[in-house]
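Taking it in order: structure first as structure tokens, then the write-up.
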Amino acid sequence: MTSAPRLRFAPSPTGFFHVGGARTALYNWALAERLGGTFVLRIEDTDESRNSPEWTQGIIDALGWLGINSDSPQFEGPYFQSHNADKHIAAAHRLFEQGNAYWCDLTSEQIQERAKASGKPGYDGFSRDRALGAGIGHVLRFRVPQGLTVVHDLVRGEVQFANETIEDFVLLRGNGSPMFLLANVVDDIDMAITHVVRAEEHLPNTPKQQMIWNALGAQPPLWAHVPVLVNEQRKKLSKRRDKVALEQYKADGILADAMVNYLMTLGWAPHGDTEIVSWSTMVEQFRLESVNHSPAFFDVKKLEAFNGDYIRALSPSDFIAACQPWLTASDVAWTPAQFDVAVFALVAPLIQTRVAVLGEVASMVDFFFLAEAPIDDASWAKAMSSEWARDVLDECAREYATCDWNHDSLKLVLEAIGAKRDLKLGKVQAPLRVAITGRTVGPPLFESIEFLGRDRTLGRIDAALLRLA
RNA sequence: GGCCCCAUCGUCUAGUGGCCUAGGACACCACCCUCUCAAGGUGGCGGCACGGGUUCGAAUCCCGUUGGGGCUGCCA
């Protein structure tokens, strides 16, 4: 126990990196940092049928995005479980020689038939005393001892399992390859892991794994099972049903810091009345003992609220830089030639308080870069329906042709036009806004007009007048 | 079905026997601000699943009920 803490994160590369995995990784990372320990990344790629190498890089990239940087001194790995197969098999044979495991030649079908006949589900220990040897199709099963297995869990306390409720589970498949339960433990022992922090779905595996630790003569680690993340139906987040890919949220324009902060608060809360806190504060305050015991709903609305806070906290230049990928994406409405960075730099402060995710930025500034206002039909119908709309626009065109070109005078001019007709600015700005921006909502109008310039503004008003005729 | 876990506003949580008339955040509603929409400010709505104990005193401890969830693979 005098050795430095060693934690591990052990994902299997079977798809896009999952937000639930991200939270588990973050808990491990935060703990490693506070405890002065090591975070070991181990890719559990022993499922021959579902693994694909490209997912591994995705995991590493996603972790890096979250700040779990493989260049950091507290990071170790990645290791690949498949590279350790020899050790897993050696351990299995040792368990057999010690009498902790035995060979069994029953097929899955035969086991099912026996279970059906006896009325008891699962494997009944049929081969326990048949003294079979290794052979084609023979699986090696752990001989679960009598008694009680007590798991000391840092988040849940003491959890007891009657061993008689645990069947003799498989260690080695019929083809000789090691299974998760075994490989996982052998690697943890081999890598001197001291803390196993993982999702609650692994709790039922824990007594089995603890038996393997003991049988292998090793001191079991400190266990900690954190609650699973669920969807609105309160079911565990699934890749099939739910939007769980971290990459997807990144593509939508969620900031890494916001994602990290939000994920950390799912099942845990920092001290005080605010949940928006720095990473260093979370590291300092995070305790497994204070992690909640019940499943947490992954609420995208709240994630986006956190993100909005983080966006507003960005300096103007950082915000501009953060927007770049969404301004130069292939699906933007304008051509690269139409885009003007200088103009965007001018308008960026106007939209920084108006977006929750960066993906919204492009559609909010498109009218600056398009040749014509991108008219939204519903907005047009709403703003141009008044009998005075055309008249106001007409006068506006004349006044704007000669007035001073700054947002204050542009506003004053329109205000005066409205006053003549006994209309508030809130009213008269509507047709002008739609003529210029195409929509009824958007960034402050007069600043936008100022940045757009006199020629293009007059052109858009004329276009609107023409359309109105 | 069996084993295990869990139970505070709709959601995420604070709360570890008296500071609780239960605090904050998201969402929602209202008002203020205001050129639209946001942002910001102020206020509001809204919760200890239920039933028994223990105790002078229970959201907090115990038991039961109910309700959720996880696992139950020669997947991880």
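Per chain, numbering begins at 1; letters A, B, ... match sequence-line order. These figures come from a predicted structure and were not determined experimentally.
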Distance-only donor-acceptor pairs under 3.5 Å for side chains of residues 440-450 of chain A, two or more places apart:
from: A/Ser448; atom 1: OG; to: A/Pro444; atom 2: O; distance (Å): 2.7
from: A/Glu450; atom 1: OE1; to: A/His407; atom 2: N; distance (Å): 2.8
from: A/Glu450; atom 1: OE1; to: A/His407; atom 2: ND1; distance (Å): 2.9

*Name the closest nucleotide to the A/Lys235 side chain, picking from B/C71, B/C4, B/G69.*
B/G69

_Counting only Watson-Crick pairs (N1-N3 plus N6-O4 or O6-N4) and G-U wobbles (N1-O2, O6-N3), all under 3.5 Å, who is the partner of B/C28?_
B/G44

*Output, in order, the C-alpha distance, side-chain angles, deciding distance and verdict of salt bridge (Lys or Arg N to Asp or Glu O under 4.0 Å) for A/Arg42 and A/Asp188.*
CA-CA 10 Å; A/Arg42 185 174 68 231; A/Asp188 282 347; 2.9 Å; yes

*Evaluate the salt bridge (Lys or Arg N to Asp or Glu O under 4.0 Å) criterion for residues A/Arg421 and A/Asp391: first the C-alpha distance (whole Å), next the side-chain angles of each, then the deciding distance (0.1 Å), finally the verdict.*
CA-CA 10 Å; A/Arg421 297 160 176 79; A/Asp391 190 33; 2.9 Å; yes

*Worked check of salt bridge (Lys or Arg N to Asp or Glu O under 4.0 Å) between A/Arg398 and A/Asp394*: CA-CA 7 Å; A/Arg398 286 199 305 277; A/Asp394 195 58; 2.9 Å; yes

*Atom CG of A/Leu203 and atom P of B/U72: how far apart are they, to the nearest Å?*
13 Å

_Go nucleotide by nucleotide along RNA chain B from the 5' end; which of A/Pro227 and A/Phe306 gets its closest nucleotide reached first?_
A/Pro227

_Partner residues of A/Lys420 under the salt bridge (Lys or Arg N to Asp or Glu O under 4.0 Å) criterion, sequence neighbours left out_ = A/Glu395

*Which base, if any, makes a Watson-Crick or G-U wobble pair with B/C19, both distances under 3.5 Å?*
none

_Check: B/C35 base within 3.5 Å donor-acceptor of A/Glu447 side chain_ = yes

*For B/A76, give its Watson-Crick or G-U wobble partner with both distances under 3.5 Å, or none.*
none

*asked:* Regarding A/Ala430, tell me which of base, sugar-phosphate or nothing describes its non-hydrogen contacts under 4.0 Å with the strands shown.
replied: nothing

*Would you say A/Arg234 reaches B/C12's phosphate, i.e. side-chain N/O to OP1/OP2 under 4.0 Å?*
yes

*Among B/C71, B/A7, B/U11, the nucleotide that comes nearest once only the side chain of A/Ser294 is considered*: B/A7

_B/A76 OP1/OP2 closer than 4.0 Å to side-chain N/O of A/Thr46_ = yes

*Would you list the pairs meeting salt bridge (Lys or Arg N to Asp or Glu O under 4.0 Å) in which at least one residue belongs to residues 105-119 of chain A, sequence neighbours left out?*
A/Asp105-A/Arg130, A/Arg114-A/Asp124

*Quick one: which of B/G68, B/A7, B/A76 gets closest to the side chain of A/His202?*
B/A76

_Which nucleotide wins on minimum distance to the side chain of A/Lys302, given the candidates B/C74, B/A25, B/G70?_
B/A25

*Taking any strand in view, what nucleotide pairs with B/A14 in a Watson-Crick or G-U wobble way, both distances under 3.5 Å?*
none

*asked:* Output the rounded distance in Å from CG (A/Asp168) to C1' (B/G73).
replied: 16 Å

*Determine which pairs satisfy ring pair (Phe, Tyr, Trp, His ring centres under 6.0 Å) with at least one residue from residues 286-309 of chain A, sequence neighbours left out, and list them in order.*
A/Tyr27-A/Phe286, A/Tyr249-A/Phe298, A/Tyr262-A/Phe298, A/Tyr262-A/Phe306, A/Trp268-A/Phe286

*Could you pull out all residues at least two apart from A/Pro207 that satisfy side chain to side chain contact (heavy atoms under 4.5 Å, CB included)?*
A/Thr149, A/Val151, A/Phe161, A/Ile166

_Counting only side-chain heavy atoms from C-beta out, which of B/C12, B/C35, B/C74 sits nearest to A/Phe446?_
B/C35

*To the nearest Å, give me how far apart CG (A/Leu452) and P (B/C35) are.*
21 Å

*Distance-only polar pair, side chains of A/Thr437 and A/Arg433, donor-acceptor under 3.5 Å*: no

*Opposite nucleotide pairing with B/G64, Watson-Crick or G-U, both atom distances under 3.5 Å*: B/C50

*Round to a whole Å and report the spacing from CZ of A/Phe180 to P of B/U72.*
10 Å

*Looking only at side chains, do A/Asn175 and A/Ser177 share a donor and an acceptor under 3.5 Å apart?*
yes

*For residues 152-161 of chain A, which residues have at least one heavy atom under 4.0 Å from RNA chain B?*
A/Arg156, A/Val159, A/Gln160, A/Phe161

_Under 3.5 Å on both distances, the Watson-Crick or G-U partner of B/C71_ = B/G2

*Where along nucleotides 36-43 of chain B does protein come under 4.0 Å, by heavy atom, of base (B) or sugar-phosphate alone (S), with - for untouched nucleotides?*
BBBSS---

*How about A/Val300 and A/Lys243: do any of their side-chain heavy atoms sit closer than 4.5 Å?*
no

*Quote, to the nearest angstrom, the C1' distance that separates B/A14 from B/U60.*
13 Å

*Rounded off to whole Å, could you give me the CZ-to-C1' distance for the A/Phe297 and B/G10 pair?*
10 Å

*State whether a side-chain donor-acceptor pair under 3.5 Å links A/Tyr310 with A/Asn261.*
yes

_From CD of A/Gln81 over to C1' of B/C75, roughly how many Å is that when rounded to an integer?_
12 Å

*asked:* Base, sugar-phosphate or nothing for A/Gly267? Non-hydrogen atoms, less than 4.0 Å.
replied: sugar-phosphate

*Please state how far atom NE2 in A/His293 lies from atom P in B/U60, giving the value in whole angstrom units.*
16 Å

*Which pairs with one or both residues in residues 344-370 of chain A pass side chain to side chain donor-acceptor pair (under 3.5 Å), sequence neighbours excluded?*
A/Asp366-A/Arg439

*For A/Glu289, which residues count as a side chain to side chain contact (heavy atoms under 4.5 Å, CB included) partner, sequence neighbours excluded?*
A/Leu154, A/Arg287

_Closest-nucleotide ordering on RNA chain B, the 5'-leading residue of A/Pro204 and A/Leu181_ = A/Pro204

*Scan A/Ile311 against the nucleic acid and name what it touches under 4.0 Å (heavy atoms): base, sugar-phosphate only, or nothing.*
nothing

*asked:* I need the residues from residues 259-266 of chain A with at least one non-hydrogen atom less than 4.0 Å from RNA chain B; give them sorted by number, or say none.
replied: A/Thr265, A/Leu266

*d(CG, A/Leu172; P, B/G73) in whole Å*: 19 Å

*Would you tell me if any nitrogen or oxygen in the side chain of A/Lys236 comes within less than 4.0 Å of OP1 or OP2 on B/C71?*
yes

*Check side chain to side chain contact (heavy atoms under 4.5 Å, CB included) between A/His271 and all other residues, then give those that pass, not counting sequence neighbours.*
A/Gln285

*Do we see a donor-acceptor contact under 3.5 Å between the side chains of A/Trp223 and A/Gln210?*
yes

*asked:* Just to be sure I understand the rule, does A/Thr107 reach a base, reach only the sugar-phosphate, or reach nothing, if contact means heavy atoms closer than 4.0 Å?
replied: base

*With a 4.0 Å cut-off on heavy atoms, is A/Glu44 in touch with a base, just the backbone sugar-phosphate, or nothing at all?*
sugar-phosphate

_For a quick check of understanding: with a heavy-atom distance under 4.0 Å over all strands, which category does A/Asn205 fall into, base, sugar-phosphate or nothing?_
base

Could you go through nucleotides 65-67 of chain B and list every protein N or O atom that sits under 3.5 Å from one of its N or O atoms, giving the distance for each pair?
none

*Please check if any side-chain donor atom of A/Asp45 sits under 3.5 Å from a side-chain acceptor atom of A/His83, or the reverse.*
no

